[in-house]
Protein chains: 2
Amino acid sequence: MARSGTTQKVTRIQREKTQAIMDAALDVFSRHGFRGSTIDMIAKTSGFSKPNILYYFDSKEAIFAELINRLLKDWLEPLIALDDHGEPVDEVCAYVRRKLDLAQAFPRESRLFANEILQGAPHILPQLAGPLRDLVDQKAQVMDRWITEGRLAPCDPVHVIFMIWASTQHYADFDVQVRAVLNTPESDDHFQQAAIHLDQMFRRMLTPA
Amino acid sequence: MARSGTTQKVTRIQREKTQAIMDAALDVFSRHGFRGSTIDMIAKTSGFSKPNILYYFDSKEAIFAELINRLLKDWLEPLIALDDHGEPVDEVCAYVRRKLDLAQAFPRESRLFANEILQGAPHILPQLAGPLRDLVDQKAQVMDRWITEGRLAPCDPVHVIFMIWASTQHYADFDVQVRAVLNTPESDDHFQQAAIHLDQMFRRMLTPA
DNA sequence: CTCTTATTTGACCAAATAGTCAAATTTTTT
DNA sequence: AAAAAATTTGACTATTTGGTCAAATAAGAG
């Protein structure tokens, strides 16, 4: 018996299988969204039978929920790491860089998140209005202080944060479009270009006159 | 008999109904993506019966295709309007403004497009690699000329365009998240804030030293 | 090795879904 | 007002889908 959330010895097989299933599910959900994905797709991708998958997870819903909850933690981390004792412009640019690296390293996670938000965030709206908002407010306050100290150019910190999210995640979420426009079906070269571009731009935006 | 694409007199009812169906379909597809949407949802949203919808469109696929093809035209227009005889920074900022207005006025279209790209652009990849790429290349050349003339700050024009797309569409596609973070469930106030913010930022990015 | 527990799956079910069709109804034409 | 054409829909089919279950198999404890 696996499944239930009660305290129970977790076998090696359980650990490995749940991980493999979640990995396959990430593949599928990130491409097709929740409603567009089927357990059969996850079964095929992972190589396990459908009943076997449902032995480890109660439902399709449960797989998705588990995925997105783990995701949210990693998602906040780069912003948490923004250090109010650091050099303002460098700190923001370092944050941009961390977000871009995350988009490059975890494009599936980024797309999963984008899909969820596009569909109205049915699973994580509370977390957005709670922990995420609190974190953004807190870091926006830090940036406001930097502005009054004349160490950061005047701006609307929250919208700057939106701009960072948008312009970094774009390279993961709109990957296909980026590749089509740049005519680079293979290779991740454009991430290097993007890193240079974004650093340059955010420096200009935020360096005090 | 409606349906077939051959030349045929189009009745008033045909015009009105196809329009109503496409409007309902936009609602549904933009929220759930292609695979996550059902003809029944479109039927319920539009108030017509399912067979009635299939009287006007050959298939679910056909409705989606029609929607996304019409969309693509409107999508390119703001960039086409970027005038190479205008004042560089003003031109780019005007483009930003047009894109943001579009995101505010047509959020469903923006989400539909985002959904399509997220899923790998199965329906419009050729258009991205064709007309879109050509247009972007052309406008990037204009911007490159402005840079050599010293009328635009040095930058990578294509990535600037990506940045414009990302940061404007963010307000439509990630609407739920924006509202959650700003704590403004109602009202479109944040679009006004965004307009000011984006104009300020892109001016700083692109005004020559 | 043997007993117990954990894992795996083929066969199945009920609901949802894309799409069909003939018959009924409405609109337009004459 | 008829006749012809266009529109509408209830009932239907075949397929897909989320999920169940009992029986079979594999792992682990003693």
Side-chain angles (χ1 to χ4, degrees), chain A residues 1-29 31-68 119 122-123, chain B residues 1-29 31-68 119 122-123:
Chain A
M1 180 258 265
R3 248 147 142 162
S4 74
T6 54
T7 326
Q8 200 80 30
K9 191 171 52 182
V10 175
T11 69
R12 170 187 57 85
I13 290 177
Q14 275 172 45
R15 229 181 307 108
E16 290 176 2
K17 281 242 164 169
T18 50
Q19 189 48 52
I21 291 168
M22 298 241 304
D23 191 68
L26 180 57
D27 249 42
V28 175
F29 282 133
R31 271 295 175 203
H32 307 286
F34 179 73
R35 290 227 35 188
S37 303
T38 70
I39 302 182
D40 281 304
M41 288 180 187
I42 299 172
K44 198 162 200 176
T45 304
S46 64
F48 307 135
S49 69
K50 181 163 67 168
N52 199 0
I53 287 174
L54 288 165
Y55 173 72
Y56 291 100
F57 292 89
D58 285 327
S59 63
K60 177 182 159 186
E61 181 77 33
I63 305 175
F64 190 86
E66 181 71 21
L67 262 181
I68 214 148
Q119 285 168 30
H123 300 84
Chain B
M1 180 257 264
R3 247 148 145 161
S4 74
T6 57
T7 327
Q8 201 79 30
K9 193 171 53 185
V10 176
T11 68
R12 170 186 56 84
I13 291 177
Q14 275 172 44
R15 229 180 307 109
E16 290 175 4
K17 279 240 165 168
T18 49
Q19 189 48 55
I21 291 168
M22 297 239 306
D23 191 68
L26 179 57
D27 249 45
V28 175
F29 282 133
R31 270 296 175 202
H32 307 286
F34 180 73
R35 290 226 36 186
S37 303
T38 71
I39 302 183
D40 280 306
M41 288 180 187
I42 300 173
K44 199 163 200 173
T45 304
S46 64
F48 307 135
S49 70
K50 179 163 65 169
N52 199 0
I53 286 175
L54 288 166
Y55 173 72
Y56 290 100
F57 292 89
D58 285 327
S59 63
K60 176 182 158 184
E61 181 77 33
I63 306 175
F64 190 87
E66 180 71 22
L67 261 181
I68 213 148
Q119 285 166 31
H123 299 84

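Throughout, a chain's letter reflects where its sequence line sits, starting with A, and its residues are numbered from 1.
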*Residue pairs passing the salt bridge (Lys or Arg N to Asp or Glu O under 4.0 Å) test where at least one lies in residues 31-49 of chain A, sequence neighbours excluded*: A:Asp40-A:Lys50
*Residues forming a side-chain hydrogen bond (donor to acceptor under 3.5 Å, both in side chains) with A:Asp23, sequence neighbours excluded*: A:Arg108
_Going by ring-ring contact (aromatic ring centres under 6.0 Å, His included), name the residues that satisfy it together with A:His123, two or more places apart in sequence or in a different chain._
A:Phe34, A:Phe64
Nearest whole Å is fine: how far is [N] [atom2] from [X] [atom1]?
| X | N | atom1 | atom2 | answer |
| --- | --- | --- | --- | --- |
| A:Glu16 | D:dA27 | CD | C1' | 13 Å |
| B:Lys60 | C:dA18 | NZ | C1' | 8 Å |
| A:Ile21 | C:dT8 | CD1 | P | 8 Å |
| A:Phe57 | D:dT20 | CZ | C1' | 18 Å |
| A:Leu54 | C:dC13 | CG | P | 18 Å |

Under 4.0 Å between a side-chain N or O of [X] and OP1 or OP2 of [N]?
| X | N | answer |
| --- | --- | --- |
| B:Gln14 | D:dA6 | no |
| B:Tyr56 | D:dT8 | yes |
| B:Arg35 | D:dT17 | yes |

_A:Glu66: partners by salt bridge (charged side-chain N to carboxylate O under 4.0 Å, His left out), with sequence neighbours left out_ =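 Per chain and number, A:Glu66 pairs via salt bridge (charged side-chain N to carboxylate O under 4.0 Å, His left out) with A:Arg70.
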*Could you tell me the separation between the CE atom of B:Met22 and the CZ atom of B:Phe29, rounded to the nearest 0.5 Å?*
10.5 Å
*Angle of first-five versus last-five pair axes in the helix from C:dC1-D:dG30 to C:dT30-D:dA1, to 10 degrees*: 20°
List, with names and distances, any nitrogen or oxygen atoms from the protein found under 3.5 Å away from nitrogen or oxygen atoms belonging to nucleotides 9-14 of chain D.
from	atom 1	to	atom 2	distance (Å)
D:dT9	OP2	B:Ser49	OG	3.2
D:dT9	OP2	B:Asn52	ND2	3.3

